[in-house]
Amino acid sequence: MTADTQTDAPSNEKPLNFLEQQIKDDLETGKNQQVITRFPPEPNGYLHIGHAKSICLNFGLAETFGGVCHLRFDDTNPAKEDQEYIDAIVRDVEWLGYEWGGAIRYASSYFQQLYEWAVYLIEEGKAYVCHLSAEETREYRGTLTEAGKDSPYRSRSVEENLAEFEKMRFGEYDEGACILRAKIDMASPNINMRDPALYRIRKQSHHQTGDTWCIYPSYDFAHGQEDAIEGITHSICTLEFADHRPLYNWFIENLPVPSQPRQFEFGRLNLNYTVTSKRKLKQLVDESYVDGWDDPRMPTIAGLRRRGVTPAALRKFCEMIGVTKSDGIVEMAMLDHAIRDDLDKNAPRAMCVLNPIKVTLTNYPEGKTETMIAPGHPNRDDLGERKLPFSREILIDAADFREEANKKYKRLVIGKRVRLRNAYIIEADECIKDAAGNITEVKARYIEGTVGNDPEDGIKAKGVIHWVDAVNHVAFEVRLYSRLFSDEAPDSGDKNFLDHINPESLTVLPHCVGEIGLLDAEAEQTYQFEREGYFCCDRTCCDRKNNSLVFNQTITLRDTFNG
RNA sequence: UGGGGUGUAGCCAAGUGGUAAGGCAGCGGGUUUUGAUCCCGCCAUGCGGAGGUUCAAGUCCUCCCACCCCAGCCA
């Protein structure tokens with residue numbers, strides 16, 4: 001192409017997303033000296049995977065541009081909030097591995113300042129107390145296509161508004177009797193600008209401020225000012241707030257705030273086969289469709305955690321899906337990939353038989369015991385090795401034996417050989433059935449000298465199956481999970497998501513057996529049970545002494561076998 | 001029918017006038033004591049549609065279409 005040989009080296013650098021580009025520009029042009037972002041959940045429920053995207057975005061942006069990210073509770077509505085949620089949210093953000101700058105912030109700690117700014121707006125003639133009922137307010141607001149009309153209270157004097165607002169603040173009015181409104185434009189094509197509510201009366205005690213207040217600022221009046229107080233440079237929220245940006249800016253321009261934050265919007269995460277709406281997730285919990293916010297089937301961060309998903313997997317997933325302003329629906333397969341990718345690299349291996357049947361090795365001496373050695377991970381020496389007791393009687397999975405089978409079946413068949421993983425090759429001779437015809441035992445022979453070697457007679461085994469010693473093992477319960485919803489878009493259109501709950505999302509296997517080393521499994525450790533999938537030692541049921549050990553299936557191994 | 005947003009493969013997503021990155025899924029093959037992992041190959045004459053500008057258009061202009069969000073004293 002040109003004389004000087006320029007290798008068009010494929011750039012490995014990930015292209016910047018639109019927010020990274022924005023911040024890079026702002027830093028380069030000197031618009032901002034540093035970047036300060038914030039993750040501002042309302043403590044009215046547990047965080048879900050959509051929040052994970054926002055967390056990775058906000059904390060990630062601060063991280064890559066050498067700034068800080070605040071954790072701030074947007075607790076402006078005591079009616080819906082609870083300390084339990086605050087605690088859970090803090091736990092989830094920490095678990096994801098992010099550190100926020102400074103102390104945890106609360107919108108409620110700015111209530112006094114916000115109140116003074118409300119008074120300021122009144123004094124400027126830009127806010128008024130309105131006594132229209134909620135219904136009247138709606139009527140006066142107009143519609144999407146028709147302008148609204150001014151409230152009869154809109155033209156009150158500053159003095160009267162001041163006095164009325166004070167009466168609101170000191171509890172002289174009942175809830176709903178009046179609100180403080182901004183005086184902007186009842187004919188604005190943007191409905192958010194039609195004299196929005198600034199303060200409403202809520203005679204409820206607040207989890208942080210107790211009974212100090214009986215009036216609480218609205219989201220619109222609080223959020224931008226919170227950002228300004230904290231010096232947030234880039235206030236990032238989801239697309240549905242784009243219409244609020246002019247109002248966000250109106251407050252920043254009309255109030256003596258200490259900094260000039262700017263709002264940017266990105267597309268929220270939608271995942272198929274699930275719902276990501278706090279309201280709906282709360283309903284699943286409240287109406288006992290699941291066992292709690294951290295039920296392993298829930299798309300909450302707490303649920304994913306209990307399921308065995310790692311912070312690294314979630315972060316990888318967020319990186320994979322990108323950040324844009326288009327609203328798409330991400331396939332669950334992407335999340336699955338991120339989970340398997342991390343777990344394959346990092347999960348220690350173990351053997352576990354989900355549906356045990358006994359195999360007796362008729363030519364193996366009674367009373368003899370050997371110890372097989374297996375790697376903790378096929379390509380991670382740092383994960384050590386495992387000791388596997390082996391004797392005359394072992395347990396294999398019922399699915400790994402058939403009396404007869406076609407040649408696509410690579411497991412144990414009468415008259416055929418199979419490799420016992422990390423141990424001998426065996427050959428099946430016969431099976432024993434109970435009265436109902438179920439196979440209860442297989443009689444087989446082991447081939448001497450085949451640990452780590454092929455048989456001397458040259459007849460190799462076609463497949464490999466996992467096993468556990470019949471005596472020297474640990475018994476536990478395994479819980480298998482499949483998707484909570486059977487519909488790809490359970491809450492789309494006019495569907496009721498509750499109609500699409502998968503009745504078979506949980507399968508309990510009470511009598512599983514695992515290799516003896518699992519006795520030392522720690523809560524929340526995820527293992528790969530070879531040939532079966534990934535399983536996580538349940539946080540609440542990890543007491544082997546009292547026989548209450550439980551493993552939650554995180555995800556199966558990828559299965560491309562089609563035969 | 002008002003305002004705000006978004007349309008690139010089955011899904012996510014780069015692309016900033018110079019001839020369509022990457023990932024997921026899928027398909028084919030190789031390695032393998034996990035039907036896993038890993039490795040190799042295939043997978044958009046076309047970017048919502050129609051016109052136009054230009055030597056050159058996914059990128060610029062015009063019109064049209066589709067989808068999402070907004071009428072809480074929720075966030």
Side-chain angles (χ1 to χ4, degrees), chain A residues 10-12 14-17 21 40-42 44 74 76-77 79-80 130 132-134 137-139 141-148 175-181 188-194 196-202 215-216 218-220 222-223 237-246 265 267 272 278-279 319-338 340-341 344-345 349 351 374 378-379 408-411 418-423 425 450-454 460-461 463-466 528-533 556-563:
Chain A
S11 126
N12 292 325
K14 259 198 84 190
L16 301 182
N17 65 45
Q21 192 57 249
E42 183 190 19
N44 64 348
D74 209 3
T76 56
N77 185 359
K80 292 188 168 184
C130 178
L132 251 24
S133 69
T137 304
R138 196 184 321 128
E139 286 162 10
R141 187 156 34 229
T143 68
L144 294 177
T145 52
E146 297 165 290
E175 284 191 16
C178 52
I179 56 171
L180 182 72
R181 295 226 255 168
S188 172
N190 181 345
I191 290 179
N192 294 298
M193 300 300 271
R194 322 240 263 229
L198 269 34
Y199 267 92
R200 68 300 209 193
I201 299 165
R202 287 286 176 278
I215 57 171
Y216 292 92
S218 64
Y219 164 84
D220 285 309
H223 206 92
C237 60
T238 43
L239 251 23
E240 65 269 28
F241 291 98
D243 288 340
H244 294 242
R245 186 165 9 107
E265 309 88 20
N272 67 5
K278 269 192 209 168
R279 201 207 95 224
E319 203 172 284
M320 284 171 70
I321 59 177
V323 178
T324 67
K325 293 182 78 119
S326 66
D327 37 21
I329 299 168
V330 174
E331 289 179 348
M332 197 60 97
M334 283 251 224
L335 212 210
D336 292 346
H337 173 82
R340 289 195 181 104
D341 186 66
D344 174 62
K345 290 183 177 72
R349 309 287 124 124
M351 290 198 285
N379 36 43
K408 278 195 162 184
Y409 186 80
K410 304 202 300 181
R411 311 174 196 178
V418 81
R419 158 78 65 187
L420 253 24
R421 184 141 170 90
N422 299 122
I425 286 173
T450 53
V451 177
N453 298 302
D454 284 334
K460 296 181 182 178
V464 180
I465 64 172
H466 55 98
Q528 185 198 92
F529 288 167
E530 291 181 297
R531 298 211 316 129
E532 292 291 358
T556 61
L557 251 28
R558 189 159 164 269
D559 184 10
T560 53
F561 176 57
N562 42 28

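Bear in mind the structure is a predicted one, so any value in this text is a computation, not a measurement. Here is the naming used below: chain letters follow the sequence lines, and residue numbers restart at 1 for every chain.
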What is the separation between atom [atom1] on [X] and atom [atom2] on [N], rounded to the nearest whole Å?
X       : N      : atom1 : atom2 : value
K325(A) : G4(B)  : NZ    : C1'   : 10 Å
I329(A) : G7(B)  : CD1   : P     : 15 Å
R411(A) : U34(B) : CZ    : P     : 14 Å
Q21(A)  : A13(B) : CD    : P     : 17 Å
R194(A) : G4(B)  : CZ    : P     : 13 Å
D559(A) : A36(B) : CG    : P     : 7 Å

I'd like the [atom1] distance from [M] over to [N], given in whole Å.
N      : M      : atom1 : value
C24(B) : C42(B) : P     : 16 Å
U62(B) : G28(B) : C1'   : 47 Å
C40(B) : G22(B) : P     : 13 Å
C65(B) : G48(B) : C1'   : 7 Å
G15(B) : G23(B) : C1'   : 16 Å
A20(B) : C69(B) : P     : 36 Å
A13(B) : U19(B) : P     : 24 Å
A66(B) : G49(B) : P     : 15 Å

Could you please name the partner base of [N], counting Watson-Crick and G-U wobble pairs only when both distances are under 3.5 Å?
N      : result
C55(B) : G18(B)
G7(B)  : C65(B)
C27(B) : G41(B)
C47(B) : none
U33(B) : none
G2(B)  : C70(B)

Least distance between heavy atoms, [X] atom then [Y] atom:
X       : Y       : result
N190(A) : P246(A) : ND2-CG, 3.6 Å
H244(A) : Y219(A) : ND1-CE2, 4.5 Å
I201(A) : E175(A) : O-CG, 3.4 Å

Syn versus anti for G72(B), judged by chi lying within 90° of 0?
syn
Suppose we screen for ring-ring contact (aromatic ring centres under 6.0 Å, His included). Which residues come up paired with H337(A), at least two apart in sequence or across chains?
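ring-ring contact (aromatic ring centres under 6.0 Å, His included) list for H337(A), sorted by chain: empty.
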Only counting residues at least two apart or in another chain, list the ones meeting ring-ring contact (aromatic ring centres under 6.0 Å, His included) with H466(A).
none
Thinking salt bridges, do E42(A) and K278(A) make one under a 4.0 Å N-O criterion?
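Here E42(A) does not pair with K278(A) in a salt bridge, since their nearest N and O are not under 4.0 Å apart.
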Any base atoms under 4.0 Å from P246(A), or only sugar-phosphate, or nothing? Heavy atoms, all strands.
nothing
For [X], all residues meeting side-chain contact (heavy atoms from CB on, under 4.5 Å), sequence neighbours excluded:
X       : value
S326(A) : T324(A)
L557(A) : Q528(A), Y534(A)
E240(A) : T238(A), R268(A)
A338(A) : K316(A), F317(A), M320(A)

Nucleotide-resolved protein contact map, nucleotides 68-75 of chain B, B/S/- at heavy-atom distance under 4.0 Å:
SBBBSBBB
When every nucleotide of nucleotides 19-33 of chain B is labelled 5' to 3' by its protein contacts under 4.0 Å (heavy atoms), B for base, S for sugar-phosphate only, - for none, what sequence of letters results?
----BSSS------B
Decide yes or no, distance alone: a donor-acceptor N/O pair under 3.5 angstrom between the base of U34(B) and the side-chain of Q528(A).
yes
Atom pairs under 3.5 Å, N or O on each side, protein against nucleotides 38-41 of chain B: can you list them with distances?
none

Residues in side chain to side chain donor-acceptor pair (under 3.5 Å) contact with D559(A), at least two apart in sequence or another chain
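So D559(A) forms no side chain to side chain donor-acceptor pair (under 3.5 Å) with any residue.
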My understanding is that only residues two or more places apart in sequence, or in another chain, count here; which of them pass side chain to side chain donor-acceptor pair (under 3.5 Å) with R141(A)?
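Not a single residue meets the side chain to side chain donor-acceptor pair (under 3.5 Å) criterion with R141(A).
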Using the salt bridge (Lys or Arg N to Asp or Glu O under 4.0 Å) criterion, which residues pair with R419(A)? Sequence neighbours excluded.
none
